[in-house]
Amino acid sequence: MPEGHVIHRLATQLTAAFGDEPVTVESPQGRFAAEAGRLDGAVLAGADAVGKHLFIEFDVPEPRWVHIHLGLIGKLRIGTGLSGEGEIRLRIRDGATSAQLHGPQWCRAVTTAEREAVIATSGPDPLRPDADPEVGFERLLRSKKSFAALLMDQRIAAGVGNIFRAEVLFRHRLRPTTPGCEVDRHTWQVVWEDLVGLMHGAVEVGRIDTVMDAHSPEAQHRAPRVDPHGGEVYVYRRAGQPCLVCGRAVRTAALEGRNLYWCAGCQNRKRA
DNA sequence: CTTGCATGTGCAT
DNA sequence: TGCACCTGCAAGT
């Protein structure tokens, strides 16, 4: 279940559970077996996240990082009483806790230089204090693709996925089809700052809640659907159901292979 | 039991 | 633009 907040939570949990400790590393499923053997028994130095990329550092000669991307269906479970069912690409454990990786898009050993290259090509991550939203804005201005499509582009805002893009556009009543090159600086600033808040909230709570604050006129309609995958949302996966603010049916359409959800009644603005 | 869908990405066409 | 990839889950038979 991976948008950026999930990956950042996992990095924090891994560091808390295993940081500066020797760990057992194995790959029951086999596809990471050689690398796991090399890391088995090493000290896990820590973990961090950039967008949807997770990096785990070990105190070994290069390559000293495990680079994980969960993709659409990957899962990393961390806990004390895990079942061990299913295919486990990577398991890290100490006497108390284990972390089990299932179905990742990638799981590979990388050098520090390769890790830097991933970070360099990534856009600003609203969850990282060093992020520069200006970098995302410049890329936005160079594209004629729709704002909605560009919000999923990890070089513009790393860690944003289908839920955050749909909800942040809804919260500011923004039309999804506005071309990136026509998004003005103020609108981008507002969207960016809202993503910073929403994503930090999601990291804390462990799910995506996009309820508007009490001051907004929409707040009186605060009964968003609780999506079992996401949290409290206004439009994500609510196709055909009445908009919680205006009552019009929420629309959906495939955009570059992903389903976009929006309310055509509310989202009629070009700028925030 | 089977089928289809899912918070993602990269490659081929 | 479409497809392959990896797995889990819910809905349908």
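Quick note on labels: first sequence line is chain A, next is B, and so on, each numbered from 1. This structure is a prediction, so every number in the text was calculated from the model and none was measured.
The nearest whole Å value for the distance from the CD atom in A:Glu256 to the C1' atom in B:dG10 is 14 Å. One atom, CZ of A:Arg108, and another, P of C:dC6, lie 15 Å apart when rounded to the nearest Å. Atom CG of A:Leu76 and atom P of C:dG8 are 13 Å apart (whole Å). Look at CG on A:Leu260: it is 13 Å from P on B:dG8, rounded to the nearest Å. Look at NE2 on A:His53: it is 15 Å from C1' on B:dT7, rounded to the nearest Å. The separation between A:Arg89 atom CZ and C:dG8 atom C1' is 15 Å, rounded to whole Å. Following rounding to the nearest Å, A:Phe32 (CZ) and C:dC6 (C1') show an atom-to-atom distance of 16 Å. Separating the CD1 atom of A:Ile7 from the P atom of B:dG8 is a distance of 10 Å, rounded to the nearest angstrom.
OP1 and OP2 of B:dA6 both lie 4.0 Å or more from every side-chain N or O belonging to A:Arg237. Close to B:dT7, at under 4.0 Å from its OP1 or OP2, lies a side-chain N or O of A:Arg258. For A:His69, no side-chain nitrogen or oxygen approaches OP1 or OP2 of B:dG8 to under 4.0 Å. Side-chain nitrogen and oxygen atoms of A:Gln29 include at least one within less than 4.0 Å of the OP1 or OP2 phosphate oxygen of C:dT7. For the pair A:Lys52 and B:dT9, the criterion of a side-chain N or O lying under 4.0 Å from OP1 or OP2 is met. The side chain of A:His102 places no N or O atom within less than 4.0 Å of a non-bridging phosphate oxygen (OP1 or OP2) of C:dC6. Of the side-chain N and O atoms in A:Asn162, none sit less than 4.0 angstrom from OP1 or OP2 of B:dG8. Distances shown here put a side-chain N or O of A:Arg31 below 4.0 Å from the OP1 or OP2 atom of C:dC6.
Nucleotides C:dC3 and B:dG4 place their P atoms 15 Å apart, quoted to the nearest Å.
Cation-pi geometry between A:Arg108 and A:Trp106 is satisfied (NZ or CZ under 6.0 Å from the ring centre, within 45° of the ring normal). Geometric assessment of A:Arg115 against the ring of A:Phe55 yields a positive cation-pi assignment under the 6.0 Å and 45° thresholds.
Out of C:dC5, B:dA6, B:dT7, the shortest distance to the side chain of A:Ile73 is found at B:dA6. Across C:dT7, B:dG10, B:dT7, the shortest atom-to-atom separation from the side chain of A:Trp106 is found for B:dG10.
Residue contacts for A:Gln154: at a heavy-atom cut-off of 4.0 Å it reaches the sugar-phosphate backbone alone, with no base atom in range. At a threshold of 4.0 angstrom between heavy atoms, the contacts of A:Arg77 are confined to the sugar-phosphate backbone, with no base atom among them.
Without hydrogens or angle criteria, A:Thr178 side chain to A:Phe147 main chain gives no donor-acceptor distance under 3.5 Å. For the pair A:Arg9 (side chain) and A:Val203 (backbone), a donor-acceptor distance under 3.5 Å is present.
Evaluation of the ring-ring contact (aromatic ring centres under 6.0 Å, His included) rule for A:Phe32 yields no partner, not counting sequence neighbours.
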